Asks: 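Okay, handing you the structure first.
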Amino acid sequence: MRIRVQEEPFDPGAELDGFGAGADVGAVVSFTGMVRGDGGLSRMEIEHYPGMTEKAIAAIAGEAVARWNLADCLVIHRHGPMRPGERIMMVATASRHRASAFEAAEFLMDYLKSRAPFWKKEYGADGAEWVAARDEDEDALGRW
Amino acid sequence: MRIRVQEEPFDPGAELDGFGAGADVGAVVSFTGMVRGDGGLSRMEIEHYPGMTEKAIAAIAGEAVARWNLADCLVIHRHGPMRPGERIMMVATASRHRASAFEAAEFLMDYLKSRAPFWKKEYGADGAEWVAARDEDEDALGRW
Amino acid sequence: MLDVLYFAWVRERIGEPRETVETGATTVAGLVDELKAREERYALAFSDLSALRVAVDQELADFDAPLAGAREVAFFPPMTGG
Amino acid sequence: MLDVLYFAWVRERIGEPRETVETGATTVAGLVDELKAREERYALAFSDLSALRVAVDQELADFDAPLAGAREVAFFPPMTGG
């Protein structure tokens, strides 16, 4: 299990190198989230809660590993300023079977979205605005 | 859309490099399938139907792109001899949103499994055996 | 003149990956009947059609698909890619 | 002595990221009432508790959570990670 909270960019290809190596791993799923340039967005700033962030992500990742019996699990989440096209975060899961690798990755994303202490502020043509949490994101937790 | 059917190994990290670049892409999902060394498996051989394979994959990928409005889609599938731990295939999807990137990747996997002309033969302690298709794999198509 | 292809265990039972056949069959099922009548190895390979899949000109098809205009027919077990 | 932290627009409304408070409150809700009584900016930040989340010692908690033994309380809007 590898968890990193950082301001610097990261390279998903390099992070996946060697991830899930091992003769009992049949499936690796990765998700990478990027800043979209929708509606004139010029930049984004992500604030987080140092200390709690790492703990919250470790708890979420630990639950994913236990529940889907993952061979490995990776979470990287950036904070600070970012521009459209830049990568915000990634998760990866390694498992015996395809279904569990997919499910665990979606579980990680749903929980990171609503239970890890990050807040996005968008800077666009009309000024700056904190991104509001969406009811669907909270509802998504209900499926797990 | 990038489709490759090949005997040579591939590097998922290198393949993902630059995949889904573009200001309207918010999500990239990748899946990589590996040979597991279960039950004394020493090697595997994948046979395919040259000509039909490429067409079948192009049709499946084309449907995924249209249905989930993907910004990009990648499918690599190997044939020939492989050993435990080696990568068999990968798919990647790039989309505006997370849900569509995940769904499209799972759709691709379900269809590649049952509708692309590949056949696996496993060589283990008890000799060689063609892998039997599972009812669940056929049933999985019903969800799309 | 029709190219007939075999894959996986169908290929192994029949003993060759492809052959060219002269046929008067108008459907895939008719072709299967002609082949089964030829030799024991064909009868064995085609003994359970529910375990087989067929492609006509590289598109999945049914056993009652017409052969008019077809150049290539392939027989194989259910696919196991991914 | 309790460290109280604010994030995102809660931080902006209150005007500082953290402060140390002397409190007699036994629950998070009691602490909120004390803060609201202090100054307008707190009253504004805490005007709609349904729009806020709270963590006690870096664990998500409810507003009726006890403060006994707590060292750090944080207030923030619903999270938007991922």
Side-chain angles (χ1 to χ4, degrees), chain A residues 3 5 31-36 44-61 75-79 82 87-91 105-122 127-141, chain D residues 1-21 23 27-29 31-32 35 41-82:
Chain A
I3 290 166
V5 179
F31 175 91
T32 308
M34 277 89 76
V35 182
R36 286 201 318 275
M44 169 183 279
E45 185 110 17
I46 298 183
E47 183 170 333
H48 81 121
Y49 184 169
M52 178 172 167
T53 308
E54 292 78 0
K55 277 189 225 173
I57 296 178
I60 293 166
V75 178
I76 301 174
H77 205 303
R78 293 176 63 199
H79 56 88
M82 274 161 250
R87 299 182 187 100
I88 303 171
M89 53 87 65
M90 78 175 285
V91 304
E106 295 204 58
F107 168 90
L108 285 170
M109 289 307 305
D110 282 349
Y111 270 83
L112 289 171
K113 205 154 201 70
S114 307
R115 290 290 181 273
F118 292 100
W119 301 274
K120 294 193 182 102
K121 192 173 192 175
E122 296 181 339
E129 201 163 353
W130 290 99
V131 173
R134 301 179 315 156
D135 288 344
E136 304 95 275
D137 292 334
E138 189 65 32
D139 295 347
L141 304 186
Chain D
M1 297 292 279
L2 194 64
D3 284 324
V4 183
L5 283 67
Y6 310 107
F7 292 97
W9 59 254
V10 183
R11 170 179 57 72
E12 291 177 337
R13 285 195 195 169
I14 287 172
E16 48 199 340
R18 65 188 302 154
E19 59 187 319
T20 302
V21 303
T23 178
T27 65
V28 172
L31 172 65
V32 169
L35 292 169
R41 58 192 171 111
Y42 290 97
L44 186 67
F46 290 108
S47 60
D48 177 11
L49 292 191
S50 75
L52 291 183
R53 300 292 179 267
V54 62
V56 174
D57 287 336
Q58 306 191 350
E59 295 273 357
L60 286 173
D62 294 319
F63 281 89
D64 57 7
L67 287 183
R71 288 170 304 131
E72 184 173 306
V73 175
F75 297 100
F76 41 78
M79 293 157 274
T80 54

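As a basis for the values below, the full set of heavy atoms in this structure was taken, side chains included, without hydrogen atoms, waters or symmetry mates. Note that this is a predicted model, so its numbers are computed, not measured. First the proteins, then the strands, lettered A, B, ... as listed; each starts at 1.
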Asks: Atom CE of Met52(A) and atom CZ of Phe7(D): how far apart are they, to the nearest 0.5 Å?
Replies: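 Answer for the CE-CZ pair, Met52(A) versus Phe7(D), is 9.0 Å.
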Asks: Given that the side chain runs from C-beta out, which part of Ala132(A) has a heavy atom under 4.5 Å from chain D: side chain, backbone, both or neither?
Replies: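 The backbone, not the side chain.
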Asks: Measure Ala55(D) against the heavy atoms of chain A and call it side chain, backbone, both or neither at under 4.5 Å.
Replies: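 For Ala55(D), side-chain heavy atoms alone lie under 4.5 Å from chain A.
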Asks: Using only the distance criterion (under 3.5 Å, no hydrogens considered), which donor-acceptor pairs connect chain D with chain A?
Replies:
residue: Ala8(D); atom: N; partner: Glu47(A); partner atom: OE2; Å: 3.0
residue: Arg11(D); atom: NE; partner: Glu47(A); partner atom: OE1; Å: 3.3
residue: Arg11(D); atom: NE; partner: Glu47(A); partner atom: OE2; Å: 2.9
residue: Arg11(D); atom: NH2; partner: Glu47(A); partner atom: OE1; Å: 2.5
residue: Glu12(D); atom: OE1; partner: Trp130(A); partner atom: NE1; Å: 2.7
residue: Glu12(D); atom: OE2; partner: Lys121(A); partner atom: NZ; Å: 2.3
residue: Glu12(D); atom: OE2; partner: Trp130(A); partner atom: NE1; Å: 3.4
residue: Gln58(D); atom: OE1; partner: Met52(A); partner atom: N; Å: 3.2
residue: Gln58(D); atom: OE1; partner: Lys55(A); partner atom: NZ; Å: 2.9
residue: Glu72(D); atom: OE2; partner: Tyr49(A); partner atom: OH; Å: 2.5
residue: Pro77(D); atom: O; partner: Trp119(A); partner atom: NE1; Å: 2.8
residue: Thr80(D); atom: N; partner: Phe118(A); partner atom: O; Å: 2.8
residue: Thr80(D); atom: O; partner: Lys120(A); partner atom: NZ; Å: 3.1
residue: Thr80(D); atom: OG1; partner: Lys120(A); partner atom: N; Å: 3.0
residue: Gly81(D); atom: N; partner: Lys113(A); partner atom: O; Å: 3.2
residue: Gly81(D); atom: O; partner: Lys113(A); partner atom: NZ; Å: 3.3
residue: Gly81(D); atom: O; partner: Lys120(A); partner atom: NZ; Å: 3.2
residue: Gly82(D); atom: N; partner: His77(A); partner atom: NE2; Å: 3.0
residue: Gly82(D); atom: O; partner: Lys120(A); partner atom: NZ; Å: 2.9

Asks: Quick one: which residue pairs count as a ring pair (Phe, Tyr, Trp, His ring centres under 6.0 Å) with a foot in residues 42-63 of chain D, not counting sequence neighbours?
Replies: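 The answer is Phe46(D)-Phe75(D).
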Asks: Quick one: what part of Ile88(A) sits under 4.5 Å from any heavy atom of chain D, side chain, backbone, both or neither?
Replies: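 When you check distances to chain D, only side chain atoms of Ile88(A) fall under 4.5 Å.
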Asks: Taking side chain to side chain donor-acceptor pair (under 3.5 Å) as the definition, give me every residue that meets it alongside Thr23(D), ordered by chain and number, with sequence neighbours left out.
Replies: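 With neighbours one apart ignored, the set is Glu34(D).
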